[in-house]
Amino acid sequence: MQYADLLIENHGKVVVIRLNRPKAMNALNDNMMNELGDALYKFDADPSVNVIVLTGSEKVFAAGADIAAMANYTYADTYPGNYIGRNWEHILNVRKPVIGVVAGYALGGGCELAMMCDMLIAADSAKFGQPEIKVGVTPGAGGTQRLPRTIGKYKAMDMLLTCRMIDAAEAERNGLVSRVFPADKVMEEALAIANSIAGMSVSVAMAIKDSVNRAFETTLTEGVRYERRYFHAGFGTEAQKEGMSAFLEKRAPNFEGK
Ligand code: DAK
């Protein structure tokens, strides 16, 4: 599978998608976002893939939306043209786990894309920021919504209004990333984590992802009801029979195809 702005690597049941526009700091443009949507949908539908890793290079995850591409956009190009909405948010439709791995800069739209992943792992070189105000716009892909829900209102306001970047350690302290590794080890560690998830039942992983995401869209009572339906339905699956039998028989479970 060949893309102009992405690199694809297969690691067993894990596929790695790398954003790849090195000359423009992986700035996100229409072609890259169209390709990303295409790749994500293909791997989500591919039974040989259980987990998707989204990353950039060692230097940059993505330095935001492509400023050169959008500098001359008009209101008509963006609102009727559905800029962002038309191709940036395919990732939100992916049902398998998507792990974001950030090394170097994740700025503006790059930080927003990272926040659309299900889990974030960072290299100690990572820097997160929402500097849109400096180029005269508000964030347009969830920066004012996902950031405060993740790190809290006051930290988010600080980042959004002052353009201050936070490093990996601060991002971990504030719950934006779950784990930080030295830059030269981050992909190895991230692949180990992704492979451990890929060894579980893909359908259970998908149900957990769906339930956690539900928590951000509904009340606690409704969210727990939603979770409970998956839990009850789980007793009709091969994954539950295999997982619990394996525990009782003191052997490793085999969730292949379950
Ligand atoms: N877009 C286009 N090109 C970029 C870029 C970007 N976001 N970021 C970097 N580049 C390009 C640079 O122009 C430079 O190109 P050449 O001059 O070599 O041709 C090359 O990448 C290397 O960049 P630097 O020379 O600047 O490299 P440094 O290491 O010195 O600095 C940096 C790295 C990441 C700190 C710096 O490049 C930087 O500050 N970049 C801009 C970061 C930024 O402001 N990001 C936010 C972009 S605004 C909307 C919805 C969403 C959005 C907007 C509207 N609507 C619904 C309407 C989202 C907006 C954004 O994301």
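If you're wondering where the values come from, they're calculated on a predicted model, not measured in any experiment. Order of listing sets the numbers, starting from 1, for every ligand and every atom in it.
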Take atom CZ of Phe231 as the centre, draw a 6.0 Å sphere, and report whether it contains more than 12 heavy atoms from other residues, nucleotides or ligands. no
Give the atoms of ligand 1, by number and element, whose distance to some non-hydrogen atom of Met70 is under 4.0 Å. 48 (S), 53 (C), 59 (C), 60 (C)
Do Leu19 and Leu6 touch side chain to side chain, with heavy atoms closer than 4.5 Å? yes
Below 4.0 Å from ligand 1: does a non-hydrogen atom of Glu132 turn up there or not? yes
Closest heavy-atom pair and its distance - Val101, Ala190: CG2-CB, 3.6 Å
Reported CG-to-CE distance for the pair Asn195 and Met200, which is rounded to 0.5 angstrom: 11.0 Å
Side chain, backbone, both or neither: which applies to Val135 and ligand 1 if a contact is any heavy-atom pair less than 4.0 Å apart? side chain
Geometry only, no angles: is Ile84 polar-contacting ligand 1 at N/O separations under 3.5 Å? no
At less than 4.0 angstrom from any non-hydrogen atom of Pro131, what atoms of ligand 1 do you find? 43 (C), 44 (O), 45 (N), 46 (C)
Quick check: are there more than 12 heavy atoms from other residues, nucleotides or ligands sitting under 6.0 Å from CD of Glu58? no
Within 4.0 Å of atom 45 (N) of ligand 1 (strictly less), any protein heavy atom? yes
Does the protein come close to atom 13 (O) of ligand 1 - that is, does one of its heavy atoms sit below 4.0 Å from that atom? no
Test item, Gln130 contacting ligand 1 (heavy atom, 4.0 angstrom): no
Considering only non-hydrogen protein atoms, determine which one is nearest to atom 58 (C) of ligand 1 and report residue, atom name and distance to 0.1 Å. Ala65 CB, 3.7 Å
Kindly say whether the aromatic ring centers of Tyr105 and Phe61 come within a distance under 6.0 Å. no
Please walk me through it: do Tyr83 and Tyr79 pass ring-ring contact (aromatic ring centres under 6.0 Å, His included)? CA-CA 7 Å; Tyr83 179 49; Tyr79 181 56; over 10 Å; no
Distance in Å, His11 NE2 paired with Leu191 CG, rounded so as to fall on 0.5 Å steps: 5.0 Å
Taking atom 51 (C) of ligand 1 as the reference point, report whether a protein heavy atom occurs under 4.0 Å from it. yes
Any side-chain donor-acceptor pair under 3.5 Å between Asn31 and Asp5? yes
Of the non-hydrogen atoms in Leu107 and Lys127, which two are nearest, and what is the gap between them? CD2-O, 4.1 Å
Neighbour count above 12 (heavy atom, 6.0 Å) for Tyr73 OH: yes
Testing the basics here: between Leu120 and Ala114, what is the closest heavy-atom pair and its distance to 0.1 Å? CD2-O, 3.4 Å
Tell me, which protein residue and heavy-atom name are nearest atom 49 (C) of ligand 1, and how many Å apart are they? Tyr83 CE2, 3.9 Å
Counting from 1 in the order shown, the ligand 1 atoms closer than 4.0 Å to a non-hydrogen atom of Gly140 are 50 (C), 51 (C)
Among protein heavy atoms, which lies nearest atom 31 (O) of ligand 1, and at what distance? Met25 CE, 4.2 Å
If we set the cut-off at 4.0 Å for heavy atoms, which region of Ala27 has an atom near ligand 1: side chain, backbone, both, or neither? side chain
Do any nitrogen or oxygen atoms of Gly109 lie less than 3.5 angstrom from nitrogen or oxygen atoms of ligand 1? yes
Where ligand 1 meets Leu107 - atom numbers and elements under 4.0 angstrom, heavy-atom basis: 34 (C), 42 (C)
Residue, atom name and distance, where the atom is the protein heavy atom closest to atom 16 (P) of ligand 1: Lys23 O, 4.7 Å
Gly64, Ala63, Ala24, Gly108: member with heavy atom nearest to atom 43 (C) of ligand 1: Ala63
Could you go step by step and tell me if Asp44 and Arg95 meet the salt bridge (Lys or Arg N to Asp or Glu O under 4.0 Å) rule? CA-CA 7 Å; Asp44 203 32; Arg95 298 165 74 220; 5.6 Å; no
Answer yes if a protein heavy atom lies under 4.0 Å from atom 19 (O) of ligand 1, otherwise answer no. no
N/O separation below 3.5 Å, Ile67 to ligand 1: yes
Protein heavy-atom contact under 4.0 Å for atom 26 (O) of ligand 1? no
